[in-house]
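Convention: sequence-line order gives letters A, B, ...; per-chain numbering from 1. As a basis for the values below, the full set of heavy atoms in this structure was taken, side chains included, without hydrogen atoms, waters or symmetry mates.
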Amino acid sequence: MSSNETPTQTNFVKQIINEHNSSGRFDQRVHTRFPPEPNGYLHIGHAKSICLNFGIAQEYGGLCNLRFDDTNPTKEDVEYVDSIKEDIRWLGFDWDEREYYASDYFETLYEYAVKLIRDGKAYVCELTGEQIREYRGTLTEAGRESPYRKRGVDENLALFDRMRRGEFPDGSHTLRAKIDMASPNLNMRDPVMYRILHAHHHRTGDAWCMYPMYDWAHGQSDSIEGITHSICTLEFEDHRPLYDWYIDQLGIHHPQQIEFARLNITYTVMSKRKLLQLVRDGIVDGWDDPRMPTISGLRRRGFTPASIRDFADRVGVAKKNSTVEVALLEHCVREDLNAHALRVMGVLDPLKVVLTNYPEGQVEEMEAVNNPEDEAAGTRTVPFSRELYIERDDFMEDPPRKFFRLAPGREVRLRYGYIIKCEDVVKDDAGNITELHCTYDPLTRSGMPDANRRVKGTLHWVSAQHAVDAEVRLYEQLFALENPDDVEEGKTWLDNINPDSLAVVQAKVEPSLADAAPGTHFQFERKGYFTVDSKYSAPGAPVFNRTVTLRDTWARISKQK
RNA sequence: UGGGGCGUAGCCAAGCGGUAAGGCAUCGGCCUUUGGAGCCGACAUGCGCAGGUUCGAAUCCUGCCGCCCCAGCCA
């Protein structure tokens, strides 16, 4: 953990582990796992789980496996397993050689199923999907037993074998656990263990035409891997009795499942289904669109692994459903980037300034600090000349009281340059300001004694003749509402999309940025943190994504009016 | 009306019978060649509500109330 990350505090999961360690239940062993289904890209909610599982393993000197729960070939794909592996590594975690797949255990699972059948604890059922639902009963009424429940062991064994051999069509048979159709826990009402699916699996190919249900595969997979603590989300709490039942019937290693609340963040959605829809409908530019809460989106946006880990730590782990304000995530990146990002100057909305008393053709190289938070980052040189660009909103013809920037007759400091004074405002026929005529004070160059003169504000700038054109993408929240699922009658969450979530702007940036490498983080002084886009940026034609703005006191003051 | 969970500040979250940590946000002030950063300070007589036990309760007991999850051959 780097120094800018908050020390991890205690949580109920660690308390449980501590109790196990003092009782000796698992021989002081701590072995967790991160078990994604490869049916989509990882998002920041997964990052919370990854940090938890790998973090706990690290903290207790244990191990954390990566296991793909690939029990449904109709939804899964290698594209997803590749992206998942990349994202976990990028976050800074390593599963060594322990990369497993539930499909590795299909044969073992099959043998386990045969054992249950032999013990009279499972049977082949020929009810249709609809009938199974009817027989299940409701939340308040017990279910009815399937007419196939009383089949003999030999018949079940034979039928199950024929299921495996592919003698039956999809949906015609299932293997079900024989538990209790009257259980108040619906998961215990003879759950389906296997369904017939003549589908090609991304790993096992066509070896199987029936696949284990997640509930039948998950607990045993953990058991087989010797997992001690199976950490998962709240919705599986009701499934724990079933997992316990399977494992107890089988008499195999019994992990402890612990459930925690999944992460929600304001102004975004976290369900894979919705993220997939945003991608498929072309509402965003792929899974890694910088507005997406996916790991790949956050990466492209400019978030750092350390900032996401820090966020996961600060958010904590508990059982209460909650929604964390996106401001906390933003705080975490700012803190990391403040310490590490190189400072540069870039003007997003250029307004030309002519220094009328500055020698024509003269160019001075101004020394600029790369990162005031890190002396080792050194300095660089920025060209200064007679014609410059400043930010259009750093000038006001008729400024309000607390506006500390440029205005007619007012003086302002150009960062690392001179103090200048606005003498004239030049406008076009329509009355738009086209340029400013200013004078500079030659005794106030940065470093000179007169440079210490007190002026109201300091502006960033770029020399017009040296400026590099850059495309800058300014992002806002993808959704206009804190809770995108808060929809009125007849509308959907898609109606809550923020139409202004992306603004593309042509900026002027300092020459050092011309060939900036994709993924590099910068602070554009006074504006925010920006990252070179990994998809569209090219040498000589840089494209920047705005990760997050700087905290902006002036914006707050002016909004209060 | 069944079962499983959860209620501590605007948002997270510690606390585990001895008198409400911390972070984010917000609001003041200091400082500043980034209105950034940093620094200082404020921010729950109160822990969903009502009773009870106790010298003492956010913590224990009882009863309410509210919210989330479960009726896929998804995970």
Rounded distance in Å - CD (A/Glu325) to P (B/rG23): 16 Å
Opposite nucleotide pairing with B/rU32, Watson-Crick or G-U, both atom distances under 3.5 Å: none
Pair A/Phe404 + A/Trp554: ring centers closer than 6.0 Å: no
Sugar-phosphate only, base, or nothing, as touched by A/Ala451 at under 4.0 Å among non-hydrogen atoms: base
Touch class at under 4.0 angstrom, heavy-atom based, for A/Val317 against every strand present: sugar-phosphate
Listed nucleotide nearest any side-chain atom of A/Lys319, set B/rA75, B/rG5, B/rC12: B/rG5
Residue matched to B/rG72 through Watson-Crick or wobble contacts both under 3.5 angstrom: none
A/Phe236 ring center within less than 6.0 Å of A/Tyr214 ring center: yes
Single hit among A/Trp245, A/Trp216, A/Tyr246 for side-chain contact (heavy atoms from CB on, under 4.5 Å) with A/Pro191: A/Tyr246
Geometric class of the A/Tyr110/A/Phe160 ring pair [parallel <30°, tilted 30-60°, perpendicular >60°]: parallel
Proximal nucleotide (of B/rG2, B/rG35, B/rG23) relative to the A/Arg314 side chain: B/rG23
Parallel, tilted or perpendicular, as decided by the 30° and 60° cut-offs, for the rings of A/Tyr243 and A/His239: tilted
Protein N or O to nucleotides 64-67 of chain B N or O, pairs below 3.5 Å:
none

Touch class at under 4.0 angstrom, heavy-atom based, for A/Tyr135 against every strand present: nothing
Sugar-phosphate, base or nothing in reach of A/Gly40, heavy atoms under 4.0 Å: nothing
Donor on one side chain, acceptor on other, A/Tyr123 and A/Asp190, under 3.5 Å: yes
B/rC61 and B/rA42, which share atom name C1', separated by this distance in whole Å: 39 Å
Out of B/rU1, B/rG4, B/rA75, whichever nucleotide has its closest atom nearest the side chain of A/Glu237: B/rG4
Pairwise P distance for B/rC31 and B/rA50, with rounding to whole Å: 48 Å
Separation between the C1' atoms of B/rG10 and B/rG18, rounded to whole Å: 31 Å
Side-chain heavy-atom pair A/His218, A/Arg67 within 4.5 angstrom cut-off: yes
Sugar-phosphate, base or nothing in reach of A/Asn338, heavy atoms under 4.0 Å: base
A/Glu225-A/Tyr105 side chain donor-acceptor pair, cut-off 3.5 Å: yes
Check: B/rC74 base within 3.5 Å donor-acceptor of A/Glu37 side chain: no
Pairwise C1' distance, B/rA14 and B/rG46 [rounded to whole Å]: 16 Å
Nearest-Å distance once atom C1' is located in both B/rC6 and B/rC12: 15 Å
Can you check nucleotides 69-73 of chain B for protein contacts, nitrogen or oxygen pairs under 3.5 Å, and list what you find?
residue: B/rA71; atom: O3'; partner: A/Arg136; partner atom: NH2; Å: 3.4
residue: B/rA71; atom: O2'; partner: A/Arg136; partner atom: NE; Å: 3.3
residue: B/rG72; atom: OP2; partner: A/Arg136; partner atom: NH2; Å: 3.2
residue: B/rC73; atom: OP1; partner: A/Arg136; partner atom: NH2; Å: 3.4
residue: B/rC73; atom: OP2; partner: A/Arg136; partner atom: NH1; Å: 3.0
residue: B/rC73; atom: N3; partner: A/Gly171; partner atom: O; Å: 3.2
residue: B/rC73; atom: N4; partner: A/Leu127; partner atom: O; Å: 2.8
residue: B/rC73; atom: N4; partner: A/Gly129; partner atom: N; Å: 3.3
residue: B/rC73; atom: N4; partner: A/Gly171; partner atom: O; Å: 2.8

ring-ring contact (aromatic ring centres under 6.0 Å, His included) between A/Tyr80 and A/His202, worked out: CA-CA 11 Å; A/Tyr80 299 126; A/His202 67 102; 9.7 Å; no
Whole-Å gap separating P (B/rA75) and CZ (A/Arg67): 13 Å
P-based separation of B/rC60 from B/rC47 [nearest Å]: 15 Å
Side chain of A/Ala318 (C-beta onward), nearest among B/rA14, B/rC24, B/rG35: B/rA14
Pair assignment for B/rU26, Watson-Crick or G-U wobble, requiring both distances under 3.5 Å: B/rA42
A/His331 NE2 - B/rC12 P separation (whole Å): 17 Å
Spacing between A/Ile179 atom CD1 and B/rG3 atom P, to the nearest angstrom: 19 Å
N/O donor-acceptor pair, side chain A/Arg405 with base B/rG35, under 3.5 angstrom: yes
Separation of atom CD in A/Glu367 from atom P in B/rU33, rounded to whole Å: 17 Å
Touch class at under 4.0 angstrom, heavy-atom based, for A/Arg551 against every strand present: sugar-phosphate
Closest-nucleotide ordering on RNA chain B, the 5'-leading residue of A/Asn452 and A/Val324: A/Val324
Donor-acceptor pair between A/Thr128 and A/Glu130 side chains, under 3.5 angstrom: no
Ring centroid separation A/Phe544 to A/Phe530 under 6.0 Å: no
Separation between the P atoms of B/rU19 and B/rA71, rounded to whole Å: 46 Å
Touch class at under 4.0 angstrom, heavy-atom based, for A/Thr74 against every strand present: nothing
Whole-Å distance separating the NZ atom of A/Lys320 from the P atom of B/rG5: 18 Å
Ring centres under 6.0 angstrom apart (A/Phe303, A/Phe311): no
Donor/acceptor link under 3.5 angstrom from A/Ser446 side chain onto base of B/rU33: yes
Under 3.5 Å on both distances, the Watson-Crick or G-U partner of B/rA57: none
Side-chain (A/Asn11) to main-chain (A/Gly316) donor-acceptor, under 3.5 angstrom: no
Spacing of A/Lys14 atom NZ relative to B/rA14 atom C1', expressed in whole Å: 12 Å
Integer angstrom distance from the C1' of B/rU26 to that of B/rA57: 32 Å
Side chain of A/Ala327 - closest among B/rU1, B/rG36, B/rA25: B/rA25
Phosphate OP1/OP2 of B/rA14: any A/Gln15 side-chain N/O under 4.0 Å: no
Opposite nucleotide pairing with B/rG7, Watson-Crick or G-U, both atom distances under 3.5 Å: B/rC65
N-glycosidic conformation, B/rG51 - syn within 90 degrees of 0, else anti: anti
Interatomic distance where CD belongs to A/Gln523 and P belongs to B/rG36 [whole Å]: 11 Å
Touch class at under 4.0 angstrom, heavy-atom based, for A/Pro241 against every strand present: nothing
Sugar-phosphate, base or nothing in reach of A/Arg343, heavy atoms under 4.0 Å: base
Phosphate OP1/OP2 of B/rG36 contacted by A/Thr553 side-chain N/O (<4.0 Å): yes
